[in-house]
Amino acid sequence: MIKKVSVKKSIAILAKNGIQVNDEEAAVILDFLYLMAKNHKKDREEETSKPEGEVEL
């Protein structure tokens, strides 16, 4: 997965919303969000690979 949001950009986005973090904290937040996105994408792929009502044998 290519990470498109830099630590500096994430700090700026969080600051706009009143959240102050340092570089290390921002990196942890980004890693968590990328992990969540990866798992969500995997779940979506699993849902679309099996049409509803079909039984896997």
| task | Show your reasoning for whether side-chain contact (heavy atoms from CB on, under 4.5 Å) applies to Val21 and Val28. | result | CA-CA 10 Å; Val21 295; Val28 170; over 6 Å; no
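- One hydrophobic cluster holds both Ile11 and Phe32 under the rule that ILVMFWY side chains link at heavy-atom gaps under 4.5 Å.
- A search for side chain to side chain donor-acceptor pair (under 3.5 Å) contacts involving Lys8 returns Asp23, not counting sequence neighbours.
- Hydrophobic clustering (ILVMFWY, side-chain heavy atoms < 4.5 Å, transitive): Leu14 and Val5 are in one cluster.
- The minimum heavy-atom distance between Leu30 and Ser6, with the atom names listed, is CD1-O, 3.8 Å.
- Evaluated for a side chain to side chain contact (heavy atoms under 4.5 Å, CB included) with Leu35, the options Asp31, Leu33, Asn39 yield exactly one hit, Asn39.
- For the atom pair Glu25 CD and Gln20 CD, the distance stands at 10.0 Å (nearest 0.5 Å).
- With Asn17 contributing its side chain and Ile19 its backbone, the two residues share no donor-acceptor pair below 3.5 Å.
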